[in-house]
Amino acid sequence: MRYFSTRGADQFLSFEETVLAGLAPDGGLYIPEDVPTLPKNWQTAWKDYSFIDLSVEVLSLYISPEEISKTELRALVEKSYSTFRHPDITPLKKLDEKTYILELFHGPTFAFKDVALQLLGNLFEFFLQRRNARKGPSEKPEKLTVVGATSGDTGSAAIYGLRGKANISIFILHPKGRVSPIQEAQMTTVTDANVHNLAVHGTFDDCQDIVKSLFGDREFNATHRLGAVNSINWARILAQTVYYFLSYFHLQRQVPNADAVEIQFVVPTGNFGDVLAGYYAKRMGLPMGRLGVATNANDILARFWKSGAYEKVDSNASAPGESAPVGGASDGKQAADASGVRETLSPAMDILVSSNFERLLWYLAYEGAAQGADEGSRKKAASATIADWMSKVKSDGRVQVPVAVLELARRDFFAERVSDEQTLDTIKYYFESDSHYVADPHTAVGLCAARTVAGQNPPQTCQIVLSTAHPAKFSEAVTRALHSAPSFDFERDVLPQEFKGLLERERRVIDVEAAQIDLVKRVIEKYAVPAGEVGASV
Ligand SMILES: *Cc1c(COP(=O)(O)O)cnc(C)c1O
């Protein structure tokens, strides 16, 4: 299996090259040359498989055995998910007859990003170790310096994915004092020698700008071999396809009359990674209805499914350009900050554009392209279309896709936008229901979208809502939603043992006094390479 860029279908990479590269040099995202189909007997052969067994089966369809054998893959997967607290890794829980929750937060940082980043860290380590084992005694070992900016969630999941990994250093920039105390503690209490937290005096945007500039600095990039773990990395999408299969089988076991049931997955969405993984599962042949895309007030995707316009700023919004104070609005029209991002109660979904959406657009363009053409030309035509659309988004802030493309998108997905107020109401609704379920605000966005469409579903539909974070990670929103519920007690009902005492634990963090790239470079130069190996430090 080889991979090519959504913006140019002429160069093909191995899985290893794809994973180490992250983003394609032309700005596109890597996709597999073909979406593999499932083995004929998958439904019977896989039905009792564990998460690990399914990972091996699904992943091996996308990775040539010459690159990673099934035995090696199993070892990698077992190691990756040994850090999870639940025996099912991603358990399925019933809320009511028609609604199930797929809990993705049983990994080390209590957020769904662990599912992908635990595997990605081990893949990086595996590739580097193999490359270094092939080197002669006088050759320098290959290393990777992972650099990223975070406003909370991604940083800790990346740190836990890469802590203690051979030949890899990780530098995570966060805006000092501007991430939640729990999230800051989750990151900075990891004291492994290869983990470096940089508390930058500045905003999240400052941190992100610095990281972008570092990647753009060819010389620095080449010296330190910078690597990214952001959500466009193909390995992250791939790892996430597995729980769609697992929950399919788990639901079959839990519902009566399983053969007649149609599954509808509903996914709280930011960068479109999680729900895209579901789309790959669907294309591979996993039976399901339309996938639900649930957004918060950052609703570029919900607007796309309404109008076929993919645009950063809502051109139909009333009073464009007006900007009320961030975070204060409670009427469902949350205000946007200078960049256009709206601050919501589900911050991990606060995005302006959804980077992985380009992958879906490619498939839509491909299906819309002339059927008569041969495979290669059809792929090239799709990539040319994507290059064109994306350059329009860059220059004009928007692109309008043809009606036929929008219809294709509607065939496989629906989308719903959920306000902060609805998010709080939904948390309360499920806590007060018979299930007494406490949902985190991201999960609540999914649950609310699911409820909105439930009435229009055929009667035999069962909804599986993906739960992306443990409620204790977003205590403010959860407490705000449930403060009036007499039986609610945050410490007793929500707070996991692992979070107790976290704030008091030993921390390791490097203070960066100003949001200046040179200060960050100095930190990386000082810590990235063990002393004596390369004389590049200042
Ligand atoms: C990252 C994240 C999301 C959004 O996932 P995407 O793959 O970017 O759509 C949702 N919820 C939580 C808690 C997250 O951390």
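Atoms within each ligand, like the ligands themselves, are counted from 1 in listed order. Here the structure is a predicted model, which means the values were calculated and not measured.
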May I ask you to list the atoms of ligand 1 that are less than 4.0 angstrom from any heavy atom of [X]?
X	result
Ala469	13 (C)
Phe272	6 (P), 8 (O), 9 (O)
Gly270	4 (C), 6 (P), 8 (O), 9 (O)
Gly273	6 (P), 7 (O), 9 (O)
Thr269	9 (O)
Asp153	13 (C), 14 (C), 15 (O)

### Message
Between Leu38 and Phe245, does the side-chain contact (heavy atoms from CB on, under 4.5 Å) criterion hold? Intermediate values first, please.
### Response
CA-CA 11 Å; Leu38 298 168; Phe245 286 89; 3.8 Å; yes
Where does the angle between the aromatic ring planes of [X] and [Y] fall among parallel (under 30°), tilted (30 to 60°) and perpendicular (over 60°)?
X	Y	result
Phe413	Trp305	tilted
His470	Phe499	tilted
Phe51	Tyr81	perpendicular

### Task
With the side chain counted from C-beta on, respond yes when Glu103 and Phe105 share a heavy-atom pair under 4.5 Å apart, and no when they do not.
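Glu103 reaches Phe105 side chain to side chain.
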Before signing off on this row, confirm whether [X] and ligand 1 have an N or O atom pair separated by under 3.5 Å.
X	result
Lys113	yes
Pro268	no
His442	no

### Task
Tell me, with the steps shown, if Asn233 and Val19 meet side-chain contact (heavy atoms from CB on, under 4.5 Å).
CA-CA 6 Å; Asn233 196 298; Val19 172; 3.9 Å; yes
#### Entry: Nearest-option assignment for atom 8 (O) of ligand 1, heavy atoms, candidates Asn271, Leu301, Val293
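Going through Asn271, Leu301, Val293 one by one, Asn271 has the nearest heavy atom to atom 8 (O) of ligand 1.
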### Task
Could you see which bit of Lys473 sits under 4.0 Å from ligand 1, with heavy atoms only: side chain, backbone, both or neither?
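For Lys473, no heavy atom sits under 4.0 Å from ligand 1.
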### Query
For ligand 1, which part of Thr468 has a heavy atom less than 4.0 Å away: the side chain, the backbone, both, or neither?
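The answer is both.
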### Query
Is it the case that Arg283 places NZ or CZ above or below the six-membered ring of Tyr280, under 6.0 angstrom from the centre and within 45 degrees of the axis?
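Output no; distance or angle outside limits.
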### Query
Can you tell me if Thr6 uses its side chain to pair, donor with acceptor, with the backbone of Arg359 under 3.5 Å?
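Not at all, since once roles are kept as given, no pair shorter than 3.5 Å links the two residues.
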### Message
Can you report which non-hydrogen protein atom sits closest to atom 7 (O) of ligand 1, along with the distance?
### Response
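So the nearest neighbour among protein heavy atoms is Asp274 N, 2.9 Å.
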### Query
Of Asp114, Asp153, Asp440, which is the lone residue that meets salt bridge (charged side-chain N to carboxylate O under 4.0 Å, His left out) with Lys473?
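Passing option: Asp153.
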